[in-house]
2 protein chains.
Amino acid sequence: MTWGRRGSGERGYHHGNLKEALVRAALELIAEKGPAGFTFADAARWAGVSPAAPYRHYRDRDALIADVAKRGFEAFTAALAKAWDDGRPDVMAAFDRLGKSYLDFAKREPAYYSAMFEAGVPLDADPQLRETSERAFVVLRAAAEKLVALLPAKGRPPALMVALHIWSMTHGIASLFGRGDAARRALPMPPEELLEAAVLIYLRGLGLNEGVASGRS
Amino acid sequence: MTWGRRGSGERGYHHGNLKEALVRAALELIAEKGPAGFTFADAARWAGVSPAAPYRHYRDRDALIADVAKRGFEAFTAALAKAWDDGRPDVMAAFDRLGKSYLDFAKREPAYYSAMFEAGVPLDADPQLRETSERAFVVLRAAAEKLVALLPAKGRPPALMVALHIWSMTHGIASLFGRGDAARRALPMPPEELLEAAVLIYLRGLGLNEGVASGRS
DNA sequence: CCGCAATGTAAAAGCCCTTCACATGGGAAT
DNA sequence: ATTCCCATGTGAAGGGCTTTTACATTGCGG
């Protein structure tokens, strides 16, 4: 734990990049002590400024968390879009990557995930926040669209519903078993496998032939 | 909003039932402002005692929340067990009730649900807490057991996995769309229907004939 | 009836949040 | 290059929450 002026070296009166520093501090602190145990003053100390300085960049503590959540959704969307890759090389393989990518994000970026889904940020705090969060769902929705298109046109389920199902299942697993948090439950198998099995069963229920190998493990 | 000495009438120096009063206060306050916006001092005020009084009953604020969570798991287990009713009159109908009961609990008792799943209570804060929370899962597990038993013995999936899948899906839906919270997302259909459809698809994927009418609505 | 233990209170130290008046200096306009 | 503006940071202060400690009250068992 070094102290004060991290990274940007030897600052004088002005920090130079306080806003970014605060976001990084928030991520560190949330990862360490959860979104609840995170304090505005801590972030200021972490950045080496007085407790009042952050107010020049954020209306209050919640605004900072909301910004972290927004950035989280951006990174999340990027990760999902990259994993989905427009359904290449084939829809099933891409869909599989998509789910894993979701869990992977929750595990790799617990601080972002916390801020996004567990910090109790009102989605309408910032209209930008709501929109950014929608964009992540758009990827899921597009994937569901392509998935549903594989089914016979007759009795095809609404893609939106399928997207919501997959999202719920994935979020449920991430939320209950995702991180190694002491607060979470133990599991007889890794969450990725749990999810993969669930999705395979669900897709079979939709009428999709088990195309992708389930036992690649 | 009446003030002080609620219910138990005209107290003198001693409250007489402070512990219970604190739990009720916590429930009110959590329901109102979320688990984060809940303060120990508020609860004391609500009960009409000094800010130090609660410390005679709980080590600290977190201990109170943990107790609320514990009571929540008890009520939750009772609700689930009642809905499941040992699989009567038939497994599918009971299973359907079970899922609805889960969502219903999340909606009817948002304060309990928050304390149980969103307040970041370390499950091992109190060994009793962990055990109580396990008991709720036991009901789900038993239901999954009976459900799986309907399948042909060959290639039968592990009941534990099925229970985890259903739990995750249900919790995911409850968590993302469950309450009317401003913080939650809008949905093109009621969460109960979303869950019912998901479960039907999942069960079909398991190889269960669609026994129960899906369109009872 | 007495005295203990349980329960509640008051006061105080420490921390956090937030605001306000003031300080500093980076950079645009001249 | 100089000047001045305003974005950015500081220090101090008010108010609230948390938690501890010494003290007050009282129910209840012996």
Side-chain angles (χ1 to χ4, degrees), chain A residues 3-26 28-30 32-68 115 119-122 125, chain B residues 3-26 28-30 32-68 115 119-122 125:
Chain A
W3 261 95
R5 70 214 112 85
R6 292 187 173 247
S8 6
E10 315 309 316
R11 77 177 183 85
Y13 194 87
H14 288 93
H15 180 287
N17 210 2
L18 184 52
K19 193 164 185 174
E20 296 303 316
L22 289 173
V23 170
R24 279 199 302 270
E28 291 257 342
L29 293 169
I30 292 175
E32 193 173 317
K33 302 184 299 179
F38 152 78
T39 124
F40 220 28
D42 268 337
R45 251 193 305 281
W46 197 94
V49 297
S50 81
Y55 289 87
R56 296 294 176 197
H57 299 276
Y58 293 103
R59 193 167 25 72
D60 59 15
R61 191 196 106 113
D62 289 344
L64 171 52
I65 298 191
D67 191 31
V68 171
V121 184
Chain B
W3 261 93
R5 71 215 113 87
R6 293 186 172 246
S8 7
E10 315 310 315
R11 78 174 182 86
Y13 194 87
H14 287 93
H15 180 288
N17 209 4
L18 184 51
K19 193 163 185 176
E20 296 303 317
L22 289 173
V23 171
R24 279 199 302 269
E28 291 256 342
L29 294 169
I30 292 175
E32 195 174 316
K33 303 184 299 180
F38 154 78
T39 129
F40 219 31
D42 268 338
R45 250 192 304 282
W46 196 95
V49 297
S50 82
Y55 288 86
R56 296 293 176 196
H57 299 276
Y58 294 104
R59 194 167 25 72
D60 59 15
R61 191 196 106 113
D62 289 344
L64 171 52
I65 297 191
D67 191 31
V68 171
V121 183

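Values below: all heavy atoms of this structure, side chains included; hydrogens, waters and symmetry mates excluded. Every chain is numbered from 1 and lettered A, B, ... according to where its sequence line falls, protein lines coming before strand lines.
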Give the nucleotide from the list C:dT9, D:dC17, D:dG11 with an atom nearest to the side chain of A:Ala52.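 Nucleotide nearest to A:Ala52's side chain: D:dG11.
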In Å and rounded to the nearest 0.5 Å, what is the [atom1] to [atom2] distance from [X] to [Y]?
{"X": "A:Arg56", "Y": "A:Leu22", "atom1": "CZ", "atom2": "CG", "value": "13.5 Å"}
{"X": "B:Leu29", "Y": "B:Thr39", "atom1": "CG", "atom2": "OG1", "value": "8.0 Å"}
{"X": "B:Ile65", "Y": "B:Phe40", "atom1": "CD1", "atom2": "CZ", "value": "9.5 Å"}
{"X": "B:Phe38", "Y": "B:Leu64", "atom1": "CZ", "atom2": "CG", "value": "4.5 Å"}
{"X": "B:Tyr58", "Y": "B:Leu18", "atom1": "OH", "atom2": "CG", "value": "9.0 Å"}

Grab the [atom1]-[atom2] distance between [X] and [N] for me, whole Å please.
{"X": "B:Phe38", "N": "D:dC17", "atom1": "CZ", "atom2": "C1'", "result": "12 Å"}
{"X": "A:Ile65", "N": "C:dC16", "atom1": "CD1", "atom2": "C1'", "result": "14 Å"}
{"X": "B:Arg45", "N": "D:dG15", "atom1": "CZ", "atom2": "C1'", "result": "12 Å"}
{"X": "B:Leu64", "N": "D:dT19", "atom1": "CG", "atom2": "C1'", "result": "15 Å"}
{"X": "B:Phe40", "N": "C:dC15", "atom1": "CZ", "atom2": "C1'", "result": "18 Å"}
{"X": "B:Leu22", "N": "C:dG8", "atom1": "CG", "atom2": "C1'", "result": "12 Å"}

What heavy-atom pair brings [X] and [Y] nearest, and what distance separates the two atoms?
{"X": "A:Pro35", "Y": "A:Ile30", "result": "N-CG2, 3.9 Å"}
{"X": "A:Asp67", "Y": "A:Lys19", "result": "OD2-CE, 4.2 Å"}
{"X": "A:Ser50", "Y": "A:Pro54", "result": "O-CD, 3.4 Å"}

To the nearest 10°, give me the bend of the helix from C:dC1-D:dG30 to C:dT30-D:dA1, comparing the axes of its five terminal pairs at either end.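 Between the first-five-pair axis and the last-five-pair axis there is 10°.
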Does OP1 or OP2 of C:dC17 have a side-chain N or O of A:Thr39 closer than 4.0 Å?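 So the side chain of A:Thr39 is within the cut-off, an N or O lying under 4.0 Å from OP1 or OP2 of C:dC17.
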Check this for me: does any side-chain nitrogen of one of B:Asp42 and B:Lys33 sit under 4.0 Å from a carboxylate oxygen of the other?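 A salt bridge links B:Asp42 with B:Lys33.
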What is the nucleic acid contact for B:Ala41, judged by heavy atoms within less than 4.0 Å: base, sugar-phosphate only, or nothing?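 It contacts sugar-phosphate atoms only.
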Using a strict heavy-atom distance below 4.0 Å, which residues from residues 54-61 of chain A are in contact with DNA chain D?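 Nucleic-acid contacts, sorted: A:Arg56, A:His57.
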